Amino acid sequence: MVSSTYARRTASAAKPFILRPSERGELSTIIIRSQNSIPSTQPQQIPLQKSLKTDQNASVVNDALKAFDDMLQLQTQPPISSFNTLLGTVAKSKRYRDLFIMFDRMAEVDLLPDYIGMHILLNCYCDLKRVGLGFAVVGGIIKRGYKPNIVTFTSLIKGLCLEDKLGDALSLLRKIIGFGFRPNVKTWGTLVNGLCRSGNAKVALRLHEEMRNGTVGFDLKFDPNLIYYSCLIDGLCKEGLVEKGKELFLEMEGRGISADVVAYGALINGLCRIGDWERGRDLFFQMMDRGIRPNVVTFNMLIDALCKEGKTDEASGLLDFMIRRGEKPDSIIFNTLIDGYCLERRIGDARKLFVSMRDEGHERDVASYNVLINGYCKCGRSDEAMSLFKEMLCNKYKPTVITFNTLLTGLFQKGKVKDAQELYSSIKDYDLTPDSATYSILLDGFCKNDCLEEAIEFFQTLEKSGYKPNSLTCNCLLDGLCKAGKLDLASELFGRFSEMELAPSAYTYSIMINGFCKGGQLEKANNLFLEMEKKGCAPDVATFNTLMRGFCDNNDADKVVELLHLMAERSFVPDSYTAAIVVDLLSKDQSYLKYLELIPSFSDKGEEMRTR
DNA sequence: ATAGGGTTAG
């Protein structure tokens with residue numbers, strides 16, 4: 001190992017520590033007084049500083065920053081490990097902007113970070129989704145004569161996962177295993193988390209099972225812990241595989257690992273999301289019986305679940321209960337409840353809570369505004385949504401892409417195409433970049449407001465700018481073209497999917513099938529239905545419904561019945577659209593009454609699905 | 001002194 005170089009400078013070379021607005025867009029700066037100004041013990045805060053009021057770690061971090069500033073000015077420099085401790089504290093609080101300033105300050109006095117310090121920097125880049133810079137740091141680590149270890153690679157794997165480079169993460173893992181590195185439980189946890197967050201919980205589960213069963217194909221010390229299991233359980237639950245999650249939960253406890261509030265939360269949230277509020281509540285009580293104290297996050301899951309069920313008053317009661325238990329509500333809880341009122345179209349109550357937040361000293365954040373703006377938009381009150389937007393700007397809240405996407409949706413819904421276009425062009429003025437959702441909203445908005453030309457033109461501009469539209473964005477235009485009867489243009493765009501390296505989804509096919517059906521080209525619709533299966537894209541209930549609706553409207557009842565049989569064969573659960581088609585079919589021709597027998601077989605399956 | 005977990009808004 002190479003020892004770190006300390007070149008010392010006089011204490012006066014170090015500047016007072018001035019923190020700039022951090023990554024999270026905090027509104028002001030704080031100044032930590034340097035020794036030679038006022039010898040105060042407390043860091044001075046300018047009142048505008050928002051995050052610090054709510055951030056419990058803020059004082060710890062501020063103390064660390066002050067100590068760091070002091071240490072840089074000492075005549076006898078403390079050991080590098082002391083700097084590392086402070087770097088580690090700030091890194092843990094995710095105050096990356098401050099962390100970079102610390103590294104800058106160190107560089108100013110020629111104090112090179114050592115092995116640990118470089119890993120803190122590496123991990124920081126990975127968290128910021130700048131894994132390329134992370135690799136550069138690794139290059140620096142090697143250049144300095146250090147050897148990367150499993151910590152180095154775990155950080156890189158996380159960075160790759162965060163940038164959605166799952167394939168690269170996996171091949172890096174394979175490579176280091178080949179080099180003889182031994183991934184540990186944190187490495188596996190990182191990978192499992194990465195897989196789950198990118199919608200690959202099933203892959204994570206397979207990996208888990210292979211490791212557990214010893215069939216993974218390489219030498220492995222499998223020693224899962226609570227956090228590892230929590231990642232997996234949460235990932236499975238988020239993909240709706242709650243029963244698998246429960247199994248893993250039991251497997252974990254079977255290994256003597258007791259669940260904590262997070263592990264329980266994963267399951268409770270999973271159950272709530274699939275609408276199994278009863279079992280979610282039971283689990284909540286079970287958790288409390290075991291002496292595990294629910295916290296704000298747990299309560300938020302339940303409050304959100306109640307809100308989504310339309311039981312906002314009960315949700316509000318639960319919030320009171322939480323407060324009585326001594327948990328301090330945070331902005332997320334309030335935002336959830338405000339959203340609940342909005343969902344119920346109780347915009348007055350939503351506004352009241354929004355106002356009372358400020359009056360009672362609870363910090364609002366940009367999401368509070370976004371939620372309420374969405375509420376107004378959903379109620380068709382886009383003017384009030386826009387005034388709220390202006391109000392948030394006046395109050396120095398920085399809008400996000402979500403703010404714009406919400407407003408754009410609201411404006412298009414009210415047919416205010418010009419306003420929407422204007423708002424869209426203003427996005428860049430806020431240092432924001434539209435995302436794929438913005439593009440979809442624009443395309444969809446143009447199409448639904450009879451501005452097909454604008455939609456086509458916008459799409460072309462996007463492509464010319466080098467942007468690669470994703471399939472969801474293409475679907476918007478595709479749907480617009482189909483609904484406008486421009487089947488030739490739609491077919492052309494559909495035909496370009498592979499050239500654009502996009503895979504049509506079941507939804508894409510449904511759009512095209514619907515287009516052909518409405519255009520009276522039933523055969524083409526049917527061929528597309530057959531084609532999608534050949535290409536490995538499984539139709540879903542909506543695809544069946546679309547095609548059946550086409551045949552039904554075309555009075556081809558036999559074909560509808562054939563498709564109904566096919567659905568039943570494949571254990572599809574029919575929905576209300578399916579039901580409407582069947583009803584239509586029967587009203588057209590009583591002789592199809594005999595096919596009613598299909599319905600009980602469906603509903604049995606539906607029941608089975610629900611109770612499983 | 002460096003790597004891994006849960007909640008809201010489109």
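Computed from heavy atoms alone, side chains included, the values below leave out hydrogens, waters and symmetry copies. Computed from a predicted structure; not experimentally measured. Convention: sequence-line order gives letters A, B, ...; per-chain numbering from 1.
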Just wondering, are more than 12 heavy atoms of other shown residues or ligands nearer than 6.0 Å to NZ in A/K428? yes

Whether over 12 other heavy atoms sit under 6.0 Å from A/R197 CZ: no

So does A/E253 have more than 12 non-hydrogen atoms from other groups sitting under 6.0 Å from CD? yes

Is the number of heavy atoms from other residues, nucleotides or ligands within 6.0 Å of CZ (A/R212) greater than 12? yes

If you take any heavy atom closer than 4.0 Å to DNA chain B, which residues from residues 190-205 of chain A end up in contact? A/T190, A/N193

Just the rounded figure in Å: distance from C1' of B/dT7 to OH of A/Y264. 19 Å

Could you give the CZ-to-C1' distance, from A/F222 to B/dG4, as a whole number of Å? 14 Å

Which nucleotide sits closest to the side chain of A/N225: B/dG4, B/dA3, B/dA1? B/dG4

d(NE2, A/H119; C1', B/dG4) in whole Å: 15 Å

Rounding to an integer number of Å, can you tell me how far A/F83 CZ sits from B/dA1 C1'? 13 Å

Can you check whether A/K186 has a side-chain N or O nearer than 4.0 Å to OP1 or OP2 of B/dT2? no

What about A/S155: does its side chain form a donor-acceptor pair under 3.5 Å with the base of B/dA3? no

Taking the side chain of A/T298 as its heavy atoms from C-beta onward, which of B/dA1, B/dT2, B/dG6 lies nearest to it? B/dG6

Working to the nearest 0.5 Å, report the span between NZ of A/K398 and OH of A/Y430. 10.0 Å

Rounding to a whole Å, what distance do you find between A/L283:CG and B/dG6:P? 18 Å

Provide, to the nearest angstrom, the distance between the CE atom belonging to A/M118 and the C1' atom belonging to B/dA1. 15 Å

Nearest to the A/M301 side chain among B/dT8, B/dA3, B/dT7, which nucleotide is it? B/dT7

Verdict with supporting geometry, A/D168 and A/K165, salt bridge (Lys or Arg N to Asp or Glu O under 4.0 Å): CA-CA 5 Å; A/D168 291 343; A/K165 292 171 176 161; 5.4 Å; no

Please check the phosphate of B/dA9 (OP1 and OP2 only) for any side-chain N or O of A/K308 closer than 4.0 Å. yes

Sorted by number, the residues of residues 336-344 of chain A with heavy-atom contact under 4.0 Å to DNA chain B: A/T336, A/D339

A/F179 and A/F153: aromatic ring centres closer than 6.0 Å? no

Which nucleotide in the list B/dG4, B/dT2, B/dA9 gets nearest to the side chain of A/K158? B/dG4

Winner on side-chain proximity to A/V366, out of B/dT2, B/dA3, B/dA9, is B/dA9

Given the structure, check if the side chain of A/N184 and the base of B/dA3 hold any donor-acceptor pair shorter than 3.5 Å. yes

For the atom pair OG (A/S316) and CD1 (A/I303), what is the distance rounded to the nearest 0.5 Å? 8.5 Å

What's the closest nucleotide to the side chain of A/L226 if the choices are B/dT8, B/dG5, B/dT2? B/dG5

Are A/E327 and A/R293 ion-paired here, with the side-chain N under 4.0 Å from a carboxylate O? yes

Which nucleotide in the list B/dG4, B/dT2, B/dT7 gets nearest to the side chain of A/V151? B/dT2

To the nearest angstrom, the CG-P distance between A/L248 and B/dG5 comes to 18 Å

Tell me whether A/R364 forms a cation-pi arrangement with A/F354, defined as NZ or CZ under 6.0 Å from the six-membered ring centre and within 45 degrees of its axis. yes

Short side-chain N/O contact from A/K238 to OP1 or OP2 of B/dT7, under 4.0 Å: yes

Given B/dG5, B/dA3, B/dA1, the nucleotide with the shortest approach to the side chain of A/I150: B/dA3

In whole angstrom, what separates A/D304's CG from B/dG6's C1'? 13 Å

Flag yes if more than 12 heavy atoms outside A/R130 fall under 6.0 Å of its CZ atom; otherwise flag no. no

Per A/I332 side chain, nearest of listed nucleotides B/dT7, B/dA3, B/dG5: B/dT7

Where the side chain of A/D114 is concerned, which of B/dA1, B/dG6, B/dT8 is the nearest nucleotide? B/dA1

